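These figures come from a predicted structure and were not determined experimentally.
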Amino acid sequence: MKNFQLVFLFIFLTTNFLLIGPIAFSQNQSTTSQSFEIEVIEVPEVLVFSVKKEIQDFSQELPQLIHNSVVELTKMGGKPAGPLIVLYYLENVDFKQPLGKILTEVAWPVDNAQYSNNQLPKIKAARIMFKGPYQGMNAVYQSIHSWLVQNHYKIVYPTREIYHNDPTTTPIEELLTEILIPVEELKE
């Protein structure tokens with residue numbers, strides 16, 4: 001039964017990131033008049049099992065990184081205790097140039113310290129709960145970046161995306177992605 005669950009999880013994640021990878025890091029800027037509710041929240045520390053890797057081909061490399069990380073976690077006897085968190089270390093990136101390799105961290109919340117190899121720190125973050133197809137994520141990031149400038153915040157990397165449901169069983173208009181952009185207030 002455990003192997004079936006692992007295979008199902010891998011299929012889910014592969015499908016998820018085959019959709020997300022090219023979209024989330026696309027340089028094509030979509031325009032939209034849709035507004036998003038942005039709030040600044042305190043995010044508590046999260047005990048995780050995580051793996052970092054520089055990735056360039058997200059449609060191929062990210063699903064493999066996710067698969068390898070969950071296999072490693074389950075081999076230790078652990079299992080994810082919450083939704084997948086993916087962190088993107090994009091500091092000093094020129095978005096007018098091809099992105100190249102991006103340091104990416106796949107993190108699985110765990111409820112037992114013996115399965116943890118990392119703890120995501122407490123952060124202050126701009127948060128959007130985005131409901132809808134992953135193709136809409138570019139508009140979300142545009143809104144966040146505009147909002148941060150208008151409200152005198154700067155981004156403190158890495159950013160986090162939390163995937164709350166399964167795209168293989170959830171209608172695309174119901175997909176729920178939580179985007180957390182760590183921020184600091186700019187000194188005026």
Would you please say whether a donor-acceptor pair under 3.5 Å links the side chains of Q142 and N138? no
Within this structure, what is the OH-OG1 distance for the pair Y134 and T177, rounded to the nearest 0.5 Å? 5.0 Å
Does the distance from a Lys or Arg side-chain N to an Asp or Glu carboxylate O, for K154 and E184, drop under 4.0 Å? yes
Are the ring centres of Y115 and W108 closer than 6.0 Å? no
Could you tell me how the ring of Y153 sits relative to the ring of W147: parallel (under 30°), tilted (30 to 60°) or perpendicular (over 60°)? parallel
Determine yes or no for a side-chain-to-main-chain donor-acceptor pair under 3.5 angstrom, with E174 supplying the side chain and T170 the backbone. no
Charged N to carboxylate O below 4.0 Å: is that the case for E42 and K124? no
Counting only N and O atoms by type, is there a donor-acceptor contact under 3.5 Å from the side chain of S116 to the main-chain atoms of Q114? no
Under 3.5 Å side-chain donor-acceptor pair for H152 and E185: no
Derivation of the side-chain contact (heavy atoms from CB on, under 4.5 Å) call for E161 and M137: CA-CA 11 Å; E161 291 181 0; M137 300 273 286; 3.5 Å; yes
Is the backbone of S50 close enough, under 3.5 Å, to the side chain of N117 for a donor and an acceptor to pair up by distance? yes
Heavy-atom donor-acceptor pair, N165 side chain to L176 backbone, under 3.5 Å: yes
Are more than 12 heavy atoms from other residues, nucleotides or ligands located less than 6.0 Å from atom NZ of K79? no
Between N118 and E105, do the side chains contain an N or O donor and an N or O acceptor separated by less than 3.5 Å? yes
Return the CD1 to OG1 distance between I55 and T104, rounded to the nearest 0.5 Å. 4.0 Å
Any residue meeting side chain to side chain contact (heavy atoms under 4.5 Å, CB included) with I172, in chain and number order, not counting sequence neighbours: P133, L175
Checking S146 side chain against S143 main chain: does a donor-acceptor pair fall under 3.5 Å? no
Evaluate the salt bridge (charged side-chain N to carboxylate O under 4.0 Å, His left out) criterion for residues R127 and E39: first the C-alpha distance (whole Å), next the side-chain angles of each, then the deciding distance (0.1 Å), finally the verdict. CA-CA 5 Å; R127 177 178 92 162; E39 61 182 336; 2.6 Å; yes
